[in-house]
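I have placed the structure first, in the form of structure tokens, so that the comments after it can refer back to it.
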Amino acid sequence: MPVYDYKCPEHGLFYELAAMDESSQPKNCPTCATLSARVLMVAPEFLDMKQENRAAHTRNESAMHSPVLSTPDYRAEQLARREHKHGKGCGCGDKPIRKSNLLYTAEGNKMFPSMRPWMISH
């Protein structure tokens, strides 16, 4: 069972053992038996942190379940992929996305403008 901090309005901080599901419930002060709320401690580094660093910390925390490793090799690979031109017979496996020219008429028929007009529909 973890130890949690509670604060009595009259006697100050005290520590109690509590189950995790009971940690948010107030505890009785050992001196005066007054119900006292739990104290949430915040590291002083977070309070004195610059706004930009705090935003970066929040961004990192939100991305911790799907991290992207930003190493010099990874950045070079991403840059090479952006600059890569796919020539005829390129076997890289990173195929460019082709945009379809498929349109539908008001009747629901397929139409391929600027392609083979004699192959209007199947």
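Only heavy atoms go into these numbers, but all of them, side chains included; no hydrogens, no water, no symmetry mates.
Contact annotation: the side chain of C32 approaches that of H11 to within less than 4.5 Å [non-hydrogen atoms, C-beta and beyond].
The other members of the hydrophobic cluster of Y6, by chain and number, are Y4, F14, M20 (side-chain heavy atoms under 4.5 Å, ILVMFWY only).
E77 contributes atom CD, which lies 8.5 Å from atom OG1 of T71 (distance to the nearest 0.5 angstrom). Separating the NZ atom in K7 from the CG atom in L40 is a distance of 12.5 Å, to the nearest 0.5 Å. To the nearest 0.5 Å, the span separating OG on S23 from CG on D5 amounts to 11.5 Å.
Every side chain to side chain contact (heavy atoms under 4.5 Å, CB included) that E52 has, sequence neighbours left out, goes to K50.
Closest non-hydrogen pair, K27 versus A18, comes out as CE-CB, 3.9 Å.
Here the side chain of S36 pairs a donor or acceptor atom with the backbone of T34 at under 3.5 angstrom.
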